[in-house]
Protein chains: 2
Amino acid sequence: MAEITIKYLAEKLNLAPSTVSRALNDSHEISSGTKEKVMALAKELNFQPNPYARSLREQKSKTIGVIIPERINNFFSQVIDGMEAVTKAHGYHLLVYNSNEDIEQEKTILSLLVGGRVDAIVMSISGQNQKGEHLKVLKNRAIPIVFFDRIPYDFPTTKLITNDYQAGYEGTVHLINKGCKKIIFLVLSKEVSIGKERMRGYLDALKSHNLPFDESWIVACGHSEIENIAHLEKVFYKIDRPDGVLASVEKLALATYRALAKTNIKMPEQVRMVSFSNMKIADLLCPPLSTISQPAIEIGVECANLLMKRLTKKGQPDLEDKIVTIPSVFTERESSR
Amino acid sequence: MAEITIKYLAEKLNLAPSTVSRALNDSHEISSGTKEKVMALAKELNFQPNPYARSLREQKSKTIGVIIPERINNFFSQVIDGMEAVTKAHGYHLLVYNSNEDIEQEKTILSLLVGGRVDAIVMSISGQNQKGEHLKVLKNRAIPIVFFDRIPYDFPTTKLITNDYQAGYEGTVHLINKGCKKIIFLVLSKEVSIGKERMRGYLDALKSHNLPFDESWIVACGHSEIENIAHLEKVFYKIDRPDGVLASVEKLALATYRALAKTNIKMPEQVRMVSFSNMKIADLLCPPLSTISQPAIEIGVECANLLMKRLTKKGQPDLEDKIVTIPSVFTERESSR
DNA sequence: TTGTACGCGTTATCAT
DNA sequence: ATGATAACGCGTACAA
């Protein structure tokens, strides 16, 4: 690890460590002469204060823990990019963990983090279960936490989501306007908050347009791509097959493309699709995919801003228990034309 | 930050802090009775040792710094996933930074890291300049570092890459076998190591098949998507336009799709393409893209293994100055059929 | 088997 | 304006 310390600089300069420390922190009670000398040597030797000694002393780590359910996903990458842009400016670091959609891993990661390793946490919880019981490790700790996208129901803190209900509603209406009568809804897990909200929008859209609805139109998928494709294939082989698809998650839209490729069903002629997705290349698919995309970078920026305000300013209150909604963007493409 | 400390546990149990410390570390010089008592209370209160106190004491952070030039990129996400899988098992944490393809940012991040914040670094350097002069902050430090994919030339340590030369050669031969006579090579920057190697393979393939070559067939692009598309459009508007494309980076293949969409040129009928890419949905593009994909997870795992061995075992020598090559995988699809 | 004392590198408090 | 000292929480050498 490090070699050059304040003590070392102090010896070299015949000063006390405390003086060097103050000089480095530009204290006003140090003569400009010594300040310059100290700064010069520090720069020459490329001195970096030991972050852990400092953390121990100041009781803060200048580090934010980020927990996401999946790393190979543009949405989460963009969110983290957004966060990093603002935390970097405040001298904060990002410890990033992938929970792999696994509650047990989330629990393990959380217990690792509450020991003081991070000053705050940003998290999108796994799709397995949204009850948030596994979050109770946090209950008695004072550590600020912000949830985004996939949020727990009963955890009192600030959460950031997109207007999932409205987007689900409008996506469905779009399909209805294109003539779809039997629109299915693809969801990863009925437990997940965003799935539920998007589904609510979907259901309300059907109802307000007096379309029939059958319980079987809600297609619950899993995390296995192969099983999802097989499952969807069956859905499309039914005599009374759907003519519209609203996918609540990008990977299910992709599974639909692959399932359709195994049939003779044409998109958009025989079935139209709209999907929640942050893919950059939706326009390059066959056919180009109509998307509802989330302002991911903005979400990341907003999460970080909330935390930076809470952490760097004095006398800040705890994070409010509220849900902040950021609008998503609908883009019509061939898949639903 | 944390509240429950060893001292606190010691008071509760009427023991000395050192005893508690030893019990928690399962020292053999502690009676099983006290051990159990200590463990029980620690578990009950969900005690987590303060990582920074420990780091300060032990002079190691159990943290690896990861620097990538781009976060919204499957390849890098996969590499990090691979790394995390092994570091997690060793109790190590990952501090991830995006240099945004910017040398200055790389420099800043590096100087942040050498202060002892991390025990080792894994890095893929930005495309701006591969000379690696900005890496000299590391020279006098003993910190182990591993480079992957985009590596510097003259930095003595272990580097991991894929068989870029061979893959470039074979991709080109594939296009030649399909009948292409005028194959252009798209590269982000002629400075980048991987670009150079892939280009070398491309050039050698042309030569060994006695195909003509023109300097203008090497198309150097930039980081601006819009400019790249405009540039490529011009390339395809030439009378003597290319009938084959080897893209050394995924984003340039995508730019090619978009450029072609603005013309009437058909792929693969009039121009065929092969690209280096780790996209999961290459099969869903119009037309599906022939890819040379890198074993990203394996690369991450390998990087981490190297470092874990170096860091967790005693008396390990410094990282060898060598280049490890892992083969990439070619998949033929419609774009080059 | 357990307790005491010290130091990791930093900064804040109290002296000078 | 500068120096001495203590403390953050942990682990270990030494003492008992």
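Here is how names work: the chains are called A, B, and so on, in the same order as the sequence lines, proteins then strands, and each is numbered from 1. Fair warning: this is a prediction, and the values are worked out from it, not measured in the lab.
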- Atom CD in A:Gln105, atom CD1 in A:Ile103: separation rounded to 0.5 Å? 11.5 Å
- Query: What is the distance, rounded to the nearest whole Å, between atom CZ of A:Arg117 and atom C1' of D:dC10?
  - Reply: 14 Å
- Task: May I have the distance from B:His28 (atom NE2) to D:dT12 (atom P), rounded to whole angstrom?
- Result: 12 Å
- Message: Tell me whether the count of non-hydrogen atoms from other residues, nucleotides or ligands lying under 6.0 Å of CD in B:Gln316 goes above 12.
- Response: yes
- Item | Ion pair B:Lys159/B:Asp321, N-O distance below 4.0 Å | yes
- Whichever of B:Leu24 and A:Ser32 has its nearest DNA chain D nucleotide further upstream toward 5': A:Ser32
- Item | Which nucleotide in C:dT10, D:dG9, D:dT2 has an atom nearest any side-chain atom of B:Thr5 | D:dG9
- Query: Any side-chain N or O of A:Thr19 under 4.0 Å from OP1/OP2 of D:dG3?
  - Reply: yes
- Would you kindly give the CG-to-P distance between B:Leu9 and C:dG3, to the nearest whole Å? 14 Å
- Query: Please give, in whole Å, the distance from D:dC10 C1' to B:Lys60 NZ?
  - Reply: 14 Å
- Message: How many whole angstroms separate atom NZ of A:Lys35 from atom P of D:dA1?
- Response: 9 Å
- Please determine if a side-chain N or O atom of B:Arg54 lies less than 4.0 Å away from the OP1 or OP2 oxygen of D:dG11. yes
- Message: In whole Å, I'd like the distance from the CG atom of B:Asn50 to the C1' atom of D:dC10.
- Response: 8 Å
- Parallel, tilted or perpendicular: ring planes of A:Phe148 versus A:Phe75, cut at 30 and 60 degrees: tilted
- Item | Minimum heavy-atom distance between A:Leu307 and A:Leu319, given as atom pair plus value | CD2-CD2, 3.9 Å
- Message: So, does B:Gln59 get its side chain near the phosphate of C:dG9, meaning an N or O under 4.0 Å from OP1 or OP2?
- Response: yes
- Message: Measure CD1/B:Ile6 against P/D:dC8 and give the value in whole Å, please.
- Response: 14 Å
- Note on the structure: Residues at least two apart in sequence or cross-chain that pass side-chain hydrogen bond (donor to acceptor under 3.5 Å, both in side chains) with B:Asn305, listed by chain then number, are none
Pairs under 3.5 Å (N/O, protein and nucleotides 12-16 of chain C):
from	atom 1	to	atom 2	distance (Å)
C:dA12	O4'	A:Arg57	NH2	3.1
C:dT13	O4	A:Arg22	NH1	3.3

- Message: Side-chain N or O of A:Lys7 versus OP1/OP2 of C:dG7: is the shortest distance under 4.0 Å?
- Response: no
- Note on the structure: Sequence neighbours excluded, the answer for side-chain hydrogen bond (donor to acceptor under 3.5 Å, both in side chains) partners of A:Arg54 is none
- Starting from P on D:dA1, measure out to CD1 on A:Ile30 and report it in whole angstrom. 8 Å
